[in-house]
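Everything below concerns the one structure shown next.
In this text the structure is predicted, and so the values were computed from the model without any measurement. Here is the naming used below: chain letters follow the sequence lines, and residue numbers restart at 1 for every chain.
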Amino acid sequence: MELLRGQPAIRATADLLGQVAVPAVDVDPGAKRGETPLALCIAGPHQNLLIAFDGADELGALLTARDKPLAAEDAKPVHQALVRSWGQGPARWACMRLSALLLAGGRPRDLTLGGLSRDLQLDPPPDASLSFAAWAARVQTVAQLVNRLSPELKRQEMGWASRIEASAVAPIAEMELCGMPFDAALWQRLTREAFEERRTLSQRLATHLQTVQGPDLFGGSGVNLDSDATLKAALHALGHRVPDVRRQTLALLPPPLGPDLVRYRELFKLTSAYGDSFLAHVGLDGRIHPTFEQIGASTGRLSCHNPNLQAIVKGTPHRACFRTSAERTFVIGDYAACELRILADMSDDPVFAEAFAKNEDLHARVATEIFGVKVTKHEHVELRDRAKAINFGLAYGMGAGGLARATGTDVTQARDLLAKYFRTFPKIRAFLEHNAALGLARGYAHTLTGRRLYLDVGADNDSRAQAERIAKNMPIQGTSADITKLALAHLRQALLAHPDTLLVNTVHDEIVLECPLPKAPLIAELLRTHMSRAGAEILRHTPLSVDVVLSPTWDK
DNA sequence: ATGACACGC
DNA sequence: GCGTGTCAT
């Protein structure tokens with residue numbers, strides 16, 4: 001097969017782009033791993049081109065400057081390869097994987113090219129490693145599949161959700177390339193200190209526990225503090241009848257044993273998850289480059305790994321290791337009470353609506369309504385805490401059991417509290433129960449943009465209750481994900497005019513930018529504008545308020 | 001491989 | 001409720 005280059009390649013590409021609305025593209029496997037790209041394949045359903053990837057800038061402009069999306073089997077790595085070689089990529093992608101994931105709606109499905117071809121009764125694609133011709137045939141199959149998946153998404157009322165996913169590919173792909181600026185030396189120092197403290201603490205704990213167990217061969221206590229089972233046994237031997245060795249349980253033990261054990265477990269976490277394994281993810285540029293899964297959770301939220309930047313402990317020195325250079329700053333945008341505002345919008349509850357319109361302290365307002373006494377951040381704080389626990393529980397789809405665990409009460413009391421809550425907010429109860437009934441009847445829950453999550457409803461009561469919780473919660477959590485993804489897409493386009501400003505991270509309802517210090521106020525306004533605009537596009541009448549913070553480190 | 005735990009939202 | 005990562009079994 002002919003490998004085109006130079007002017008003939010550009011002419012052929014222009015021809016193909018004129019004939020095919022959404023052509024599929026792919027780059028060679030090495031290019032996806034970050035090596036210099038060798039070859040590019042562009043295909044329509046009935047034609048294909050193979051092009052030598054030798055720095056034809058004109059080709060890049062041709063592919064990325066169009067208003068229409070490009071298609072790919074898995075768009076993110078292709079986008080990254082295009083950005084690495086041309087400094088730019090298209091604004092939207094018709095990604096076969098993401099489309100199939102949306103249609104699957106949380107049900108297990110074979111997302112490979114072969115599997116999807118079989119599902120849609122297309123000819124099985126050949127093995128790409130066989131030849132250039134086989135590769136081109138595969139890319140052609142991608143073009144055919146995307147042509148079939150797109151109308152299916154529309155038919156299932158997921159056109160809006162899929163357009164959001166299509167425009168979130170570029171910002172997410174570019175965020176991975178950017179990474180977060182990171183102070184590895186500081187991290188190393190913190191880890192070393194944690195190791196030291198852990199060692200001395202483990203020696204002190206050994207002398208306490210030794211009294212029952214007796215010293216082992218090596219003079220230690222014989223109790224492996226890192227093993228839940230042995231630690232529990234040792235505590236039983238000392239007469240502490242603990243049900244488990246969770247932090248909350250250990251905290252109740254008398255000093256110095258209790259506090260020491262709590263601190264030890266803390267340090268254990270810090271030295272394992274945050275030790276050298278974390279440093280392995282520092283790139284050659286000194287920055288941390290995680291991997292984002294665009295539809296990582298069944299609700300539509302992103303997931304993050306290697307490392308998981310969504311689980312960095314707040315309020316610890318470790319967080320300050322994410323730090324910009326002196327002449328730059330983070331601009332951190334955070335949706336305030338996002339899930340609750342979505343709940344307010346979707347349920348049309350008047351009290352919630354008023355509280356958010358006036359920007360009141362919602363937890364205090366809810367507590368005042370439920371308990372019939374005036375509650376503020378200072379008066380009757382314990383009542384505010386209980387209201388807050390319910391509000392959070394609702395946002396996360398907790399049942400009475402979960403609420404009891406969260407508040408430290410028994411299930412009866414939790415049920416009581418929930419009943420009181422729903423008497424006070426009948427609209428919220430109606431909305432949640434409507435969602436549960438509709439979800440079970442239709443077999444899926446959905447967000448405001450049409451994103452679906454299919455429920456597997458078993459025969460038993462537990463499985464039914466589980467499905468109901470998901471049906472109540474997914475529309476809220478999933479709509480939050482829709483909004484954040486839409487904001488990422490808007491921001492990516494807006495930041496094309498600010499090449500010195502980078503999109504570096506996102507954590508569910510938070511977006512982190514990095515820019516030069518002098519333009520931080522401008523970027524802060526831009527971040528706030530686009531985040532609230534995304535909210536306004538999806539929610540019907542509840543404004544989303546966005547807290548924006550400027551900081552050289554990643555804390556708020 | 002799996003369960004327990006701890007972190008985030 | 002949804003995730004990821006670590007360790008011990």
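Look at CD on A:Glu339: it is 14 Å from P on C:dC2, rounded to the nearest Å. Between the P atom of B:dC7 and the CZ atom of A:Arg265 lies a distance of 11 Å, rounded to the nearest Å. Nucleotide C:dC2 holds its P atom 18 Å from the CZ atom of A:Phe392, rounded to whole Å. Rounded to whole angstrom, the span from the CZ atom of A:Arg301 across to the P atom of B:dC7 amounts to 17 Å. Straight-line distance from the CG atom of A:Asp555 to the C1' atom of B:dG8: 15 Å, rounded to whole Å. C:dC2 atom P lies 17 Å from atom CG of A:Asp482, rounded to whole Å. Between A:Asn391 atom CG and C:dG1 atom C1' there is a gap of 15 Å when expressed in whole angstrom units. One atom, CD1 of A:Ile312, and another, P of B:dA6, lie 18 Å apart when rounded to the nearest Å.
Between A:Asp555 and A:Lys314 no salt bridge is recorded (no basic side-chain N to carboxylate O distance below 4.0 Å). Salt bridge absent: A:Asp348 and A:Lys427 never bring a charged side-chain N and a carboxylate O closer than 4.0 Å. Look at A:Arg365 and A:Glu369 and you find a salt bridge, because one of the NZ, NE, NH1 or NH2 atoms lies within 4.0 Å of a carboxylate O, short of that distance. Ion pairing between a basic and an acidic side chain is recognised when a charged N comes within 4.0 Å of a carboxylate O; A:Arg192 and A:Glu196 show no such pairing.
Around NZ of A:Lys32, the count of heavy atoms belonging to other residues, nucleotides or ligands within 6.0 Å exceeds 12. Heavy atoms of other residues, nucleotides or ligands lying less than 6.0 angstrom from CZ of A:Arg415 number 12 at most. Environment of CG in A:Asp456: sparse, with no more than 12 heavy atoms of neighbouring residues, nucleotides or ligands closer than 6.0 Å.
Taking a 4.0 Å limit (strictly below) on heavy-atom distances, residues 468-480 of chain A reaches DNA chain C at A:Arg469, A:Ile470, A:Gln477.
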Per-nucleotide protein contact string for nucleotides 4-9 of chain C (B base, S sugar-phosphate only, - none; heavy atom under 4.0 Å): SBSSSS
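A:Tyr421 and A:Asp416 share no side-chain donor-acceptor pair at under 3.5 Å.
A:Arg287 forms no cation-pi arrangement with A:Phe182, by the criterion of a distance under 6.0 Å to the ring centre and an angle within 45° of the ring axis.
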